Amino acid sequence: MKKVILGLSVVALGLTSCGTQQKIADLEAKNKEIQDLLNTCTVKLNSTIAEKQALANQVDYLKKNTSDLISNVGNLTMLSSKGAENLEKSLESLKEKDLKISRLQDAITKKDSVTLALVRSVKKEVGFDDPDIQVNVEKGVVYISIADKLLFKTASWDVNTNAKNVLAKVAKIAQSKPEFEVMVEGHTDNVPIKNANMRDNWDLSVKRAASIVQVLQKDFNIAPERLVAAGRGEYQPLVENDSNDNKARNRRTRIVLLPKIDQFYDMIEKEMKDLAKQ
């Protein structure tokens, strides 16, 4: 009976991890779509800049002709009504091009601005200044990587009391962004586990992720439906496990904040699509 229950638990963990990986895959596919739109807008921007320069040259030419007429005739009345009309239209067209260029530049930089603002917000809220804690954003996803020595004892999945100070800061981020899901990933080095209660590094990584999830739920009131526990074992190392320092880097817990794709990209995608149609 125990073996059946254990088997079902492993299947459930696998399904949860697959579902989360699908969300990340969807996020990356959406990012590729946005990148394609970005490329289209960049081509349009370059074309618009060239048109702007041509119009500016035309305006300079018309101004020079106007100046020559004034100098030669000495009377503003010599400026034909048609020439004045053309000059006015050119200036108006130039203003429109400037507006389009401004909108394109805003759209192109908006994604980077959102990403930069997000990572600054996370670092400000958490206040991390520790080489054992890394915060970064990749493809719209926030990653907080914490060395396991800050959270667990060797070969243990019990969370240290002091570790809760770090997790409290992580919880603050999660609480401030209720539209984000929180996935906790356990990572190990490649040294076989020596613990009678642990089968292998897969088992250890899953148990550690589950322990962090339980702390976030029970101690910091993060809604359980927003939490995901995932074990990566030794199979996604940051560096080769060829030294004690490198093994220590690979032993980590990674907390991933997953935004809802629609909420994160809708505004940028709409703007880019509108500009691409023009």
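In what follows, residues are counted from 1 in the order of the sequence shown. The model shown is predicted, which means the values in this text are computed figures rather than measured ones.
Here Gln217 pairs with nothing under the side-chain hydrogen bond (donor to acceptor under 3.5 Å, both in side chains) rule; sequence neighbours left out.
In this structure, Asn190 and Asn201 have side chains that are not in contact, with every pair of non-hydrogen atoms separated by 4.5 Å or more. Two residues are said to be in side-chain contact when any heavy atoms from C-beta on lie closer than 4.5 Å; Leu167 and Ile255 meet this criterion. Using a 4.5 Å heavy-atom cutoff, the side chains of Trp157 and Asn197 are in contact. For the pair Ile144 and Ile173, the minimum side-chain heavy-atom distance is below 4.5 Å. Using a 4.5 Å heavy-atom threshold, the side chains of Asn165 and Lys169 count as separate. When side chains are defined from C-beta on, Val142 does not count as touching Lys177, because their heavy atoms never get closer than 4.5 Å. No side-chain heavy atom of Asp158 sits less than 4.5 Å from a side-chain heavy atom of Phe152.
Rounded to the nearest 0.5 angstrom, Thr253 OG1 and Leu151 CG are separated by 5.0 Å. Summarising the geometry, atom OG1 belonging to Thr154 is positioned 8.5 Å from atom CD1 belonging to Ile193; distances are rounded to the nearest 0.5 Å. One finds the OG atom of Ser205 at 8.0 Å from the CG atom of Asp200 (value rounded to the nearest 0.5 Å). Distance CG/Asp148 to CZ/Arg208: 4.5 Å, rounded to 0.5 Å. Atom-to-atom distance recorded for Gln134:CD and Arg254:CZ is 12.5 Å, nearest 0.5 angstrom.
Leu204 and Val159 fall into different hydrophobic clusters, where Ile, Leu, Val, Met, Phe, Trp and Tyr are joined by side-chain heavy atoms under 4.5 Å apart, directly or via other members. Taking hydrophobic clusters as Ile, Leu, Val, Met, Phe, Trp and Tyr residues chained together by side-chain heavy-atom distances below 4.5 Å, Tyr143 does not share a cluster with Leu238.
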Would you please test Ile146 and Ile212 for side-chain contact (heavy atoms from CB on, under 4.5 Å) and show each step? CA-CA 11 Å; Ile146 307 172; Ile212 297 298; over 6 Å; no

Show the numbers, then the answer: is there a side-chain contact (heavy atoms from CB on, under 4.5 Å) between Asn241 and Asn246? CA-CA 6 Å; Asn241 287 289; Asn246 283 352; 5.7 Å; no

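Under the ring pair (Phe, Tyr, Trp, His ring centres under 6.0 Å) criterion, the residue pairs touching residues 202-225 are Trp202-Tyr235, with sequence neighbours excluded.
Residues Arg226 and Ile222 come closest through the heavy atom pair NH1-CG2, 4.3 Å. Pairing each heavy atom of Leu150 with each of Ala163, the nearest pair is O-CB, 3.2 Å. Contact record, Ala209 with Ala230: CB-O, 3.3 Å, taken as the closest heavy-atom pair.
Arg232 and His187 share no side-chain donor-acceptor pair at under 3.5 Å.
Heavy atoms from other residues, nucleotides or ligands lying under 6.0 Å from CD of Glu240 number 12 at most.
Of the possible donor and acceptor atoms, none in the side chain of Asn160 sits under 3.5 Å from a partner among the backbone N and O of Asn162. The backbone N or O of Asn250 lies less than 3.5 Å from a partner atom in the side chain of Arg252, making a donor-acceptor pair.
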